[in-house]
Amino acid sequence: MTKSDLIVRLTERFPQLVMKDTDFAVKMILDALSEALVKGDRIEIRGFGSFSLNYRPPRIGRNPKSGEKVSVPEKWVPHFKAGKELRERVDRSIQAV
């Protein structure tokens, strides 16, 4: 599902919302999540999952095309861990198929 798919679905499910308002709300939620991660905060949405940052130390990598050694700098990457309820819902729906 893409961001635009989410906006369309929400607008269809809640007809009292105008698509422009739904678009703004989704954008604000995603911006708030991004800002929290930038500050180093952990985000937890009960029943869905949590977002946090994982540190990756600097390392020596390889260019797959040339095989040349490349220095890869340290970085922080977003990490998502699904909550128990989400895992169980996905597992149930896959087993039903």
Side-chain angles (χ1 to χ4, degrees):
M1 174 183 287
T2 64
K3 180 179 165 184
S4 57
D5 292 339
L6 175 63
I7 293 166
V8 168
R9 267 198 175 163
L10 287 171
T11 306
E12 289 171 353
R13 185 167 179 187
F14 302 101
Q16 70 272 22
L17 295 175
V18 181
M19 188 170 293
K20 185 177 179 183
D21 293 339
T22 308
D23 180 39
F24 181 73
V26 169
K27 183 180 182 326
M28 292 305 294
I29 291 169
L30 294 176
D31 286 347
L33 293 173
S34 297
E35 287 175 21
L37 286 175
V38 166
K39 286 193 266 182
D41 295 340
R42 182 175 179 271
I43 303 163
E44 183 176 335
I45 303 171
R46 302 266 179 196
F48 182 70
S50 62
F51 296 89
S52 59
L53 293 176
N54 280 354
Y55 175 73
R56 295 209 178 145
R59 63 185 174 86
I60 302 296
R62 290 196 178 272
N63 179 334
K65 191 171 186 178
S66 65
E68 178 184 344
K69 289 185 179 184
V70 179
S71 176
V72 179
E74 67 180 359
K75 58 185 163 184
W76 289 90
V77 293
H79 174 73
F80 174 75
K81 182 177 179 186
K84 181 180 177 185
E85 185 179 330
L86 178 61
R87 287 192 314 265
E88 289 172 350
R89 288 178 75 177
V90 169
D91 190 40
R92 278 194 307 267
S93 64
I94 290 177
Q95 288 177 356
V97 172

Heavy-atom neighbours of Lys75 NZ exceed 12 at 6.0 Å = no
Who pairs with Ser52 by side chain to side chain donor-acceptor pair (under 3.5 Å), at least two apart in sequence or on another chain?
-> none
Kindly write out the residues that satisfy side chain to side chain contact (heavy atoms under 4.5 Å, CB included) with Lys69, not counting sequence neighbours, or none if the list is empty.
-> Ile60, Arg62
Who are the side chain to side chain contact (heavy atoms under 4.5 Å, CB included) partners of Pro58, not counting sequence neighbours?
-> Tyr55, Glu74
Anything under 3.5 Å between a donor and an acceptor, one on a side chain of residues 85-97, the other on a protein residue two or more places apart or in another chain? List them.
from: Arg87; atom 1: NH1; to: Ala82; atom 2: O; distance (Å): 2.8
from: Asp91; atom 1: OD1; to: Gln95; atom 2: NE2; distance (Å): 3.4
from: Asp91; atom 1: OD2; to: Gln95; atom 2: NE2; distance (Å): 3.3
from: Ser93; atom 1: OG; to: Arg89; atom 2: O; distance (Å): 3.3
from: Ser93; atom 1: OG; to: Val90; atom 2: O; distance (Å): 2.9

Hey, quick one: are Met1 and Leu17 part of the same hydrophobic cluster, counting side-chain heavy atoms closer than 4.5 Å, chains of contacts allowed?
-> yes
Residues forming a ring-ring contact (aromatic ring centres under 6.0 Å, His included) with Phe24, sequence neighbours excluded | none
Residues that Arg56 engages under salt bridge (charged side-chain N to carboxylate O under 4.0 Å, His left out), provided they are two or more places apart = none
Contacts under 3.5 angstrom, residues 26-36 side chains, donor-acceptor by atom type, not counting sequence neighbours:
from: Lys27; atom 1: NZ; to: Asp31; atom 2: OD2; distance (Å): 2.9
from: Ser34; atom 1: OG; to: Leu30; atom 2: O; distance (Å): 3.0

Name every donor-acceptor pair, under 3.5 Å, that has one atom in a side chain of residues 38-49 and the other anywhere in the protein, sequence neighbours excluded.
from: Arg42; atom 1: NH1; to: Glu44; atom 2: OE1; distance (Å): 3.0
from: Arg42; atom 1: NH2; to: Ser50; atom 2: OG; distance (Å): 3.3
from: Glu44; atom 1: OE2; to: Arg46; atom 2: NH1; distance (Å): 3.1

Scan for ring pair (Phe, Tyr, Trp, His ring centres under 6.0 Å) pairs involving residues 27-46, sequence neighbours excluded, and state none if there are none.
-> none
Residues at least two apart in sequence or cross-chain that pass side chain to side chain contact (heavy atoms under 4.5 Å, CB included) with Val8, listed by chain then number, are Glu12, Met19
Which ILVMFWY residues can you reach from Val18 by hopping between side chains whose heavy atoms are under 4.5 Å apart?
-> none
